[in-house]
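The sequence lines fix the lettering, A, B, ..., with proteins before strands; numbering per chain opens at 1.
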Amino acid sequence: MTISDIKQTRVRFAPSPTGYLHLGGARTALYNWLWAKKTGGVFILRIEDTDAERSTQESVQEILDGLQWLGLDWDEGPNLQSAGLSKHVEAAHRLLESGHAYKCYCTKEELDAQRKEAEANKTAFIYDGRCRRLSADDQQRHFDNKTPYVIRFAVPREADSVVVFEDAVFGRMEKRGKDIEDFVILRSDGRPLYILSNAIDDANDCITLVIRGADGIANTPKQVLIYKALGLTPPIFAHMPLTLDNKKAKLSKRSHGEVVTISYYKKKGFIPWALCNFMALLGWSSPEGAEIFSRGELIQAFDLTRINRSNSIFNYVPGDQKNWTDPKAIHFNATYIRTMALNELLPYVKAELQGSGLWDDAYENEKKEWFEKTIDLIRARFITLKDFSERGGCYFSDDFSFDQKAVSKNMKDPGLKTYLPELAGRLAGLSEFSAERIEEVFRSYSEAKEIKAGLIINATRTTVSGTSVGPGLFEMLELMGQNRVVARMKEAVSLVP
RNA sequence: GUCCCCAUCGUCUAGCCUGGCCUAGGACACCGGCCUUUCACGCCGGCGACAGGGGUUCAAAUCCCCUUGGGGACGCCA
């Protein structure tokens with residue numbers, strides 16, 4: 001069976017709830033989700049919470065919230081790995097009975113000592129399998145003494161034994177039996193280990209394709225061994241290259257901070273799909289070279305065989321004010337804000353304005369048309385959703401701040417003390433407050449006074465918006481409304497030195 | 001140290017399997033210019049890479065080997 005034979009796949013995302021949902025995990029989830037959607041398959045969410053000491057409920061919530069925010073909906077779950085522990089234990093005992101596993105009585109201390117010694121000798125430590133060769137008498141003695149033991153998998157030791165698995169990204173992978181140690185599948189306290197639990201859960205969930213990070217490659221031969229020993233068919237694997245930081249180190253919250261967590265992008269005003277689109281391109285590309293994809297387009301274009309084999313770098317430079325995350329991610333977000341369907345953008349803007357106290361329910365009722373025109377006008381220059389509250393305040397409230405640089409640059413001409421109130425008067429007299437009429441006022445005024453139009457245009461922009469940048473002035477004034485504009489311009493004299 | 005994987009502009013990548021169409025293409029970032037009342041957008045242009053060395057071949061980014069560099073895995077973590 002190869003990947004192209006798979007019609008409908010059952011895939012899963014199986015994070016351990018020991019921290020935040022981070023970029024790497026989210027990308028893994030995204031690839032799984034994409035493949036499930038593409039094949040009309042099933043995407044299962046499984047929480048691998050068997051490490052009781054490190055697993056937390058907050059972390060589970062964070063993962064759920066993150067996936068939901070990204071729009072990566074799952075079809076089954078969340079299943080808790082801890083719920084299936086008895087099945088994992090039972091599998092370990094089946095392996096023991098069938099001779100595929102054995103009891104190992106070596107203590108942690110003994111093994112640690114051997115490991116240290118191997119390290120000192122600069123040789124590889126692979127458990128020597130001494131308990132596999134225990135005599136019947138020794139085994140009986142341990143049984144009578146109730147010596148604590150772990151269960152180890154008995155890796156085939158024939159000289160030419162190899163474990164083979166099919167990887168949709170890396171191709172056919174082989175590992176010699178002699179390079180795999182007899183790994184522990186059940187702890188001395190009777191709890192199963194990840195390597196076993198994970199494989200058993202995948203089998204029970206009928207997972208047909210495992211899409212996971214390349215750091216799972218080394219585990220794969222071991223898990224294939226478990227499958228085969230239990231008489232199960234292993235899934236196909238697709239190991240995705242890792243995403244590293246610009247020093248080629250693993251991404252972690254510890255060393256990179258919030259910028260690697262999904263929740264940070266929500267906080268910073270990202271459009272969730274823009275982040276997905278960016279993540280999709282970290283290790284995958286479309287044959288046509290397209291980069292902006294709608295959900296449907298990405299689902300259609302996505303293809304396991306075009307996943308890269310080399311690691312990619314998340315180009316984050318600490319301390320960069322403008323590029324607080326990978327510049328390409330910012331570019332994607334700005335592109336989405338600028339070009340996405342307005343009705344899809346509006347709910348995000350509403351949430352942002354509500355969060356900053358700028359929302360008015362009239363924006364969905366009597367001021368709906370005005371609101372939509374305004375958003376459509378100002379979004380062209382915005383990078384994140386935060387901009388709607390931080391830079392859009394002058395459209396929604398009279399309480400906005402003035403950029404001192406803009407004031408000193410555009411308000412320095414003393415003549416403005418008379419120009420602006422006069423202009424305000426002329427604007428007040430307009431019976432139709434449209435961009436065209438407003439422009440006529442400005443043009444004729446500049447001609448009459450023999451001053452450059454730029455002078456009064458820039459001064460007015462600063463007066464009504466507090467900044468030196470923004471949309472075309474006349475459209476802007478039209479949207480701000482006659483009363484508001486006239487009032488602001490009359491007060492403007494205080495800004496002129 | 002052992003085993004495994006990877007290697008094209010600063011970053012994301014196309015091309016590699018099936019050698020010639022590659023003077024190595026695109027995107028982001030950066031730098032110029034145009035447009036313009038500003039800033040963006042848009043358009044035009046610039047900068048910028050096949051890690052090194054050997055082979056094979058008429059021909060190598062593409063196939064093979066070595067070196068170097070990078071990453072991963074080596075837990076009674078997941």
[atom1] spacing across the pair [N] / [M], given as an integer number of angstrom:
| N | M | atom1 | result |
| --- | --- | --- | --- |
| A7(B) | G46(B) | C1' | 28 Å |
| U2(B) | C64(B) | P | 24 Å |
| U68(B) | A29(B) | C1' | 29 Å |
| G33(B) | A49(B) | P | 24 Å |
| C28(B) | C44(B) | P | 12 Å |
| G20(B) | C63(B) | P | 11 Å |
| C47(B) | G10(B) | C1' | 11 Å |
| A51(B) | U62(B) | P | 8 Å |

Which part of the nucleic acid does [X] contact within heavy-atom distance under 4.0 Å: base, sugar-phosphate only, or nothing?
| X | value |
| --- | --- |
| Arg212(A) | nothing |
| Lys248(A) | sugar-phosphate |
| Thr50(A) | sugar-phosphate |
| Val150(A) | base |
| Phe170(A) | sugar-phosphate |
| Glu119(A) | nothing |
| Lys250(A) | sugar-phosphate |
| Ser310(A) | sugar-phosphate |
| Ala380(A) | sugar-phosphate |
| Asn246(A) | nothing |
| Leu473(A) | base |
| Arg309(A) | sugar-phosphate |
| Gly216(A) | nothing |
| Ser468(A) | base |

Which one is paired to [N], where only Watson-Crick or G-U wobble pairs with both distances under 3.5 angstrom count?
| N | result |
| --- | --- |
| G48(B) | none |
| G69(B) | C6(B) |
| A24(B) | none |
| C74(B) | G1(B) |
| C43(B) | G33(B) |

For Arg212(A) and Thr220(A): C-alpha separation, side-chain torsions, deciding distance, then whether side chain to side chain donor-acceptor pair (under 3.5 Å) applies. CA-CA 11 Å; Arg212(A) 51 153 60 144; Thr220(A) 310; 3.0 Å; yes
CD (Glu439(A)) and OG (Ser434(A)) are apart, to the nearest 0.5 Å, by 10.0 Å
Parallel, tilted or perpendicular: ring planes of Trp324(A) versus Tyr265(A), cut at 30 and 60 degrees: tilted
Partners passing side chain to side chain contact (heavy atoms under 4.5 Å, CB included) against Asp112(A) (at least two apart in sequence or in another chain): Arg115(A)
Pairwise 5' ranking along RNA chain B for Leu244(A) and Phe382(A), keeping only the more 5' one: Phe382(A)
Comparing nearest nucleotides in RNA chain B, the 5'-proximal residue of the pair Ile457(A), Leu281(A) is Leu281(A)
Compute the centroid of each ring, for Phe302(A) and then for Tyr31(A), and state whether the two points are separated by less than 6.0 Å. yes
Does anyone know the first and last nucleotide of RNA chain B in reach of chain A, 5' to 3', at under 4.0 angstrom to a heavy atom? G1(B) to A78(B)
Give every residue pair that meets the ring-ring contact (aromatic ring centres under 6.0 Å, His included) criterion with at least one member in residues 156-200 of chain A, sequence neighbours excluded. Phe153(A)-Phe183(A), Phe165(A)-Phe237(A)
Will you find, in the side chains of His22(A) and Thr261(A), an N or O donor that is under 3.5 Å from an N or O acceptor? no
Looking only at heavy atoms, the pair that brings Glu352(A) and Leu385(A) closest together is CG-O, 3.1 Å
Applying side chain to side chain donor-acceptor pair (under 3.5 Å) to Asn410(A) and Ser468(A), what does each step give before you reach the verdict? CA-CA 7 Å; Asn410(A) 291 331; Ser468(A) 58; 4.7 Å; no
